[in-house]
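Presented below is the structure to which this report refers.
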Amino acid sequence: MGVLDGLKGFRLTFKQIAEPRVTKQYPEEKREKPPRFHGRHVLNRYEDGAEKCIGCELCAAVCPVRCIYVRGKDNPPDSPVSPGERYGFVYEINYLRCIHCDLCVEACPTEAITESKMFEFSFTNREDAIYTKKELLVDDNGMPRQLPWEDWREGEEQLTSAWMRATAPQGDPEFEGVVSWSGELGFGVRPPESGQNKDVEPAEVNHFSLREVAASKILRRYGGEVH
Amino acid sequence: MGLEDLSHNFLTAQLENVVQWARQASMWPATFGLACCAIEMMSAGAADFDLARFGMEVFRASPRQADLMIVAGRVSQKMAPVLRQVYDQMMEPKWVISMGVCASTGGIFNNYAIVQGVDQIVPVDVYAPGCPPGPETLIHAILTLHEKVRNGAITRRDEDAVLLSDGVESTLAVSPQKVRKVSIKSLVRSEQKGE
């Protein structure tokens, strides 16, 4: 038993010291969110300020946890709130029920409701969790309202989930590779994902898959092939 | 703590700061993973998010050594008495985070087998939304709780939280952030009623 034997036990420790740190220092920085991430909803407007929601209640009907409450009302003829016949008079989402499945976004006929990338929020009482139309509707610049109990970072309001609709409208395989999303969404317009449109460069569409990222990490460390 | 009878002179006021700092800087959670949210809770404790940065890496299996109960997952009716017993066995001061929609409201399990909101059983301090909440959302909830601990009175009881959620001003020291939250919410509500 020599003196150096005690150090043998630290071999792994010393080896790991040189390894890169994996910890994300959350309150200071956030990890990159995947392109299809579902966060807090926003209610969008047209560029002239009119609300997109027409109060059809399809989102409330499709919601599997019944977290959305919508009431439609006829537009006042002299000052219409939305371009259609009706508008969403009451719009509430209970975030203590919402599971962020994005079915409301798929169901919406006017692309009124989309989901942002902001998922870091918590409540100290139940009333805060019920977001009303005042809190969900984007402001005059088309940006979501940032509430004091939410943690917004740069760029998160830009990347909404609306373009998910372009993936498979109505689940019809005939539409594969065809972007049927109107593209007139003033807020959160993005080019299609790679594979949807052959003319688009993958680098242009900000496409990455977590699987590829993980595979590249493994390759860098251990070499070999990852399938 | 035995500090309840102390009045606020210079010494005890500084002592209060130290106690609050100590409480929020080393808050040990009890192991209470019930469902898939527990996977995210473990992930938050593991290397990628590393709750040890907040002095919380030890998930105590014994409730007597824990300060915080993170109810991670849906609570079935059979689990409810167990949960209450674990909460009762924890030493004061103690806090509860309701993690995920199932613990908060029952979520997608709107049926007879699941408790529709864990706040029917224990007083909840912070709710983390999401199904499940990501590690960052859980850490956000934990930081909100830290702020609550740091700004609250050291002898705070949970009745204050009940008072505040009804919009009634509490005379006890509470987080200014929390008061702001309530006032914004009531403002929105009154505006909507006016429409």
Side-chain angles (χ1 to χ4, degrees), chain A residues 16 19-31 33-34 37-40 63-67 71 73 76 81 89-101 117-137 145 147-151 153, chain B residues 44 46-50 52-54 97-110 117 119 124-145 147-148 161-162 164-167 175 177-178 180-182 184-189 191-192 195:
Chain A
Q16 293 290 329
E19 293 283 318
R21 298 284 179 272
V22 293
T23 306
K24 298 281 181 300
Q25 306 286 334
Y26 161 60
E28 288 84 35
E29 55 163 348
K30 278 187 187 179
R31 67 178 157 165
K33 300 257 172 55
F37 189 83
H38 300 161
R40 201 206 95 184
C63 183
V65 289
R66 302 287 157 118
C67 72
R71 274 284 156 270
K73 196 180 177 185
V81 183
F89 172 55
V90 177
Y91 203 105
E92 291 182 358
I93 296 182
N94 185 351
Y95 277 98
L96 290 184
R97 292 210 90 93
C98 177
I99 60 170
H100 298 274
C101 61
K117 289 274 176 289
M118 203 286 300
F119 196 49
E120 288 77 15
F121 54 145
S122 56
F123 315 103
T124 48
N125 64 59
R126 301 184 77 93
E127 270 193 34
D128 285 350
I130 301 170
Y131 279 47
T132 56
K133 204 172 136 189
K134 285 262 159 52
E135 291 145 327
L136 289 167
L137 201 64
R145 292 173 206 279
L147 300 166
W149 54 88
E150 294 174 352
D151 185 8
R153 299 291 163 92
Chain B
D48 269 11
F49 293 94
D50 200 9
R53 291 182 290 137
F54 309 105
I97 287 180
S98 167
M99 179 182 181
V101 297
C102 296
S104 302
T105 61
I108 58 170
F109 301 108
N110 189 4
D119 51 1
V124 176
D125 291 283
V126 179
Y127 301 87
C131 185
E136 282 150 330
T137 313
L138 177 62
I139 292 174
H140 189 275
I142 286 170
L143 292 176
T144 308
L145 182 66
E147 192 177 335
K148 215 173 153 181
V162 177
L164 265 180
S165 66
D166 292 331
S175 150
Q177 187 197 11
K178 191 171 173 186
R180 198 168 70 237
K181 283 174 195 175
V182 171
I184 288 173
K185 199 74 193 181
S186 52
L187 194 74
V188 168
R189 248 154 233 285
E191 272 184 53
Q192 219 167 34
E195 273 184 4

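Keep in mind the model is a prediction, meaning the values are calculated, not measured. Just so it is clear: chains get the letters A, B, ... in the order the sequence lines come, proteins before strands, and each one is counted from 1.
For the pair A:Arg126 and B:Val124, the minimum side-chain heavy-atom distance is 4.5 Å or more. At least one side-chain heavy atom of B:Ile108 sits less than 4.5 Å from a side-chain heavy atom of A:Ile99. Side-chain contact between B:Pro129 and A:Phe123 is present, with heavy atoms from C-beta onward closer than 4.5 Å. At a threshold of 4.5 Å between non-hydrogen side-chain atoms, the residues B:Pro133 and A:Phe121 do not count as touching. Within the 4.5 Å cutoff, the side chain of A:Tyr26 has heavy atoms near those of the B:His140 side chain.
For A:Arg31, the parts lying under 4.5 angstrom from a heavy atom of chain B are both the backbone and the side chain.
One finds the CD atom of B:Glu136 at 7.0 Å from the NZ atom of A:Lys30 (value rounded to the nearest 0.5 Å). Distance OG1/B:Thr137 to CD/A:Glu120: 5.0 Å, rounded to 0.5 Å.
Proximity of a side-chain donor or acceptor of A:Thr23 to a complementary backbone N or O of B:Asp50 within less than 3.5 Å is not detected. Under a 3.5 Å cut-off, the side chain of B:Ser104 and the backbone N or O of A:Leu96 do not form any donor-acceptor pair.
Residues meeting the side chain to side chain contact (heavy atoms under 4.5 Å, CB included) test with B:Ala46, sequence neighbours left out: none.
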Criterion side chain to side chain contact (heavy atoms under 4.5 Å, CB included) on B:Asp125 and A:Thr124, from CA distance to verdict: CA-CA 6 Å; B:Asp125 291 283; A:Thr124 48; over 6 Å; no
